[in-house]
Amino acid sequence: MKIYNTLGHQLEDLVPLKDQSLRIYSCGPTVYDYIHIGNLSSYIMVDSLKRVIALNDFKLNHVMNFTDVDDKTIARSQQQYPGNDSLEALKELTQHYRQIFLSDMQVIGNDASSTTYVSAIANIPDIQKLITQLYHDKFAYIADDGIYFSISKYQESGKKYGQLTKIDAKNTAQQRIQNDEYDKDNVHDFALWKLQKGDEPAWQFDLDEHQLLGRPGWHIECSAMSTTNLGLPFDIHTGGVDLIFPHHENEIAQSTAGNESSLYAKYFMHNEHLLVEGRKMSKSLNNFYTLRDIIEKGYEPIAFRLMVLQTHYRKQINFSWDNLEAAQNRLNDFRLIADIKWQLINDKAPELNFADYKTAILKALSDDLNTPEALTIVSKVSSDIIENLVSPNQRSEFHQFLSFLDAGLGLSLSNRPDITNDQKQLITERQTARGLKNWDQADQIRQQLTDQAIELRDTSFGAIWSHVEPAQG
RNA sequence: GGCACGUUGGCCGAGGAGUUAGGCAAAAGUCUGCAAAACUUUUUACACGAGUGCGAGUCUCGUACGUGCCUCCA
């Protein structure tokens with residue numbers, strides 16, 4: 001299995017650091033609002049990664065964090081719960097959006113159950129421990145408004161700041177230097193701990209003789225939670241491309257300062273952003289969507305998943321309603337095929353080589369998650385099946401194939417139910433009516449089934465049914 | 001200004017030197033009790049300019065454009 005490693009900017013074989021087990025850390029959502037479809041695409045990538053890893057017989061341990069202590073969650077919690085204790089308000093707000101996030105994961109087809117979720121609020125002692133260590137090792141210093149990480153000290157220790165990107169003072173935006181009013185040694189130095197301002201939620205932090213009531217910075221949260229849960233170094237770190245700098249760069253620095261090795265995570269995987277009609281999603285452009293908008297327009301979350309999988313994760317996806325419509329249609333076609341597993345009525349159907357298809361799909365997925373290629377193969381199989389159905393001899397192979405597709409792509413094709421005996425009876429009655437050329441009765445029965453969300457099409461092998469999805473808006 | 005990734009037919013998108021995916025949409029036709037499906041057709045597209053090659057969407061260089069990052073962001 002190969003993946004593209006941002007560390008080194010090349011495709012690499014995926015080889016676990018130890019045993020056959022992969023430890024993965026994903027930067028999760030900031031839980032202050034509904035997540036948007038761009039966030040979702042990012043988590044679909046992580047989910048695909050986990051699926052492919054499992055299909056390649058690796059074990060895995062996946063940790064994802066909720067960013068629950070940051071400017072946005074604090075601001076929103078105070079706005080939403082004015083007058084409450086600020087920490088209670090923060091917990092209330094973030095808990096609320098955590099639940100919504102988990103439910104979004106589920107409807108989008110992401111397997112959230114195999115993930116360990118962590119959050120800053122619950123891990124303040126670990127975060128403080130790491131800061132204390134950095135401070136004692138002289139990689140951190142106390143300034144007017146908090147504790148900062150010293151990049152120059154890190155560099156003096158012989159380590160490179162900028163393992164993922166080329167960083168130097170020249171490529172710092174002019175604006176940043178002008179706006180930099182903080183008491184920092186170096187413009188790139190970043191906060192590990194921020195002293196309390198106003199009535200922000202704050203935690204007591206006794207660092208040697210200093211009493212530093214405050215809260216952690218964003219970067220240190222991830223550094224502390226990843227390594228306490230997965231150890232150091234761990235295997236794979238994931239996130240959107242926007243996190244490469246400074247977030248992941250800073251995590252590397254914090255986690256490796258003072259260590260012999262500068263290895264934090266062996267592989268970094270970053271997904272490209274989702275664009276809307278070719279432009280960045282933003283509230284001011286009025287092109288900012290959440291899963292709720294998709295559902296309201298009558299599309300299924302799983303169709304959005306298919307749309308995301310149709311594009312390679314390292315390419316920008318262009319979201320548009322037309323594309324989503326196309327994906328929804330393609331999904332409906334796949335489902336048509338899936339429903340055929342209950343009606344293998346053509347015993348002359350040519351043998352399909354499911355083993356070869358599986359091999360080809362797994363190969364595509366194992367090549368840096370080439371989901372578009374895998375879907376192409378699925379479409380090929382579909383067109384074979386639509387033509388001649390599947391021979392009853394291949395019943396179990398076909399069922400296994402559908403399960404395999406679900407394991408790899410998560411499109412829920414294998415768990416579609418059979419129709420009821422009454423419905424089967426109706427189909428038989430209709431066939432009898434058709435035999436007698438009693439078209440009125442035949443059409444009436446078809447209408448009856450249509451009302452029960454079952455669609456019929458007459459083929460040379462007989463009537464084939466399929467479950468119809470909810471009407472589109 | 002620095003760094004990075006892109007630019008493929010009506011739309012979306014793989015492919016990464018020779019054979020030329022796939023999906024979606026539209027139109028016409030074949031088939032059909034109706035409906036649907038399927039099939040056929042709608043003259044093979046790769047930003048532009050150079051270069052290397054017997055041969056270039058595919059490699060090199062340049063140009064243009066797009067998108068992102070450069071203190072928050074998936």
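Numbered from 1 within each chain, the chains take letters A, B, ... in sequence-line order.
Under the 90° criterion around 0 for the glycosidic angle, B/G53 counts as syn. Its glycosidic angle being more than 90° from 0, B/G9 falls on the anti side.
Residue A/Lys315 places at least one side-chain N or O under 4.0 Å from the OP1 or OP2 atom of B/A14. OP1 and OP2 of B/G13 both lie 4.0 Å or more from every side-chain N or O belonging to A/Asn323.
A salt bridge does not link A/Arg430 with A/Asp443: none of the charged nitrogens is closer than 4.0 Å to a carboxylate oxygen. Salt bridge status for A/Asp339 with A/Arg416: present, with a side-chain N to carboxylate O gap under 4.0 Å.
Counting any heavy atom pair closer than 4.0 Å across all strands shown, A/Ile244 reaches no nucleic acid atom. Note on A/Asp443: a base of the nucleic acid sits closer than 4.0 angstrom, heavy atoms only. A/His312 comes within 4.0 angstrom of the backbone, heavy atoms only, and of no base. Within the 4.0 angstrom heavy-atom criterion, only backbone atoms of the sugar-phosphate kind lie near A/Tyr43; the bases stay farther away. Among the protein residues, A/Thr459 comes within range of no part of the nucleic acid, since none of its heavy atoms lies under 4.0 Å from any strand. Backbone-only contact: A/Glu373 has heavy atoms under 4.0 Å from sugar-phosphate atoms and none from a base. Within the 4.0 angstrom heavy-atom criterion, no nucleotide atom of any strand lies near A/Leu336. Residue A/Asp458 is classed as a base contact, given a heavy-atom separation below 4.0 Å to a base. Across all strands shown, A/Gly38 has heavy atoms under 4.0 Å from base atoms, whether or not it also approaches the sugar-phosphate. When heavy atoms are screened at a 4.0 angstrom cut-off, A/Lys437 is found touching no nucleic acid atom at all.
Side-chain proximity of A/Ser379 to B/A14, B/G22, B/A74: nearest is B/G22. Closest to the side chain of A/Trp439, from the set B/G33, B/A38, B/C24, is B/G33. Listed nucleotides B/A38, B/A74, B/C70 differ in distance to A/Phe245; the shortest reach to its side chain belongs to B/C70. Residue A/His36 has its side chain nearest to B/A74 when only B/G13, B/A74, B/G33 are considered. The listed nucleotides are B/A74, B/G22, B/C12; the one nearest the side chain of A/Asn39 is B/A74. Nearest nucleotide to the side chain of A/Gln316, out of B/G66, B/A14, B/C34: B/G66. Nearest to the side chain of A/Asn318, among B/A37, B/C12, B/G33, sits B/C12. Residue A/Thr30 has its side chain nearest to B/A74 when only B/A35, B/A74, B/C24 are considered.
Counting heavy atoms of neighbouring residues, nucleotides and ligands inside a 6.0 Å radius, atom NZ of A/Lys424 exceeds 12 of them.
Across all strands shown, B/G57 remains unpaired; no Watson-Crick or G-U wobble contact has both distances below 3.5 Å. Figure legend. B/U19 is base-paired to no nucleotide; pairs are counted as Watson-Crick or G-U wobble with both atom distances under 3.5 Å. Across all strands shown, nothing is found opposite B/A37 as a Watson-Crick or G-U wobble partner with both distances under 3.5 Å. Checking B/G6 for Watson-Crick or G-U wobble geometry (two distances, each under 3.5 Å) identifies B/C65 as its partner.
For the side chain to side chain donor-acceptor pair (under 3.5 Å) with A/Lys2, the lone residue among A/Asp13, A/Asp367, A/Asn370, A/Asp368 that qualifies is A/Asp13.
Interatomic distance, CG of A/Leu413 versus CZ of A/Phe334, reported as 7.5 Å (0.5 Å rounding).
With hydrogens and angles ignored, no donor-acceptor pair closer than 3.5 Å exists between the side chain of A/Arg314 and the base of B/C5.
For A/Tyr43 and A/Phe101, the ring centers sit closer than 6.0 Å to each other.
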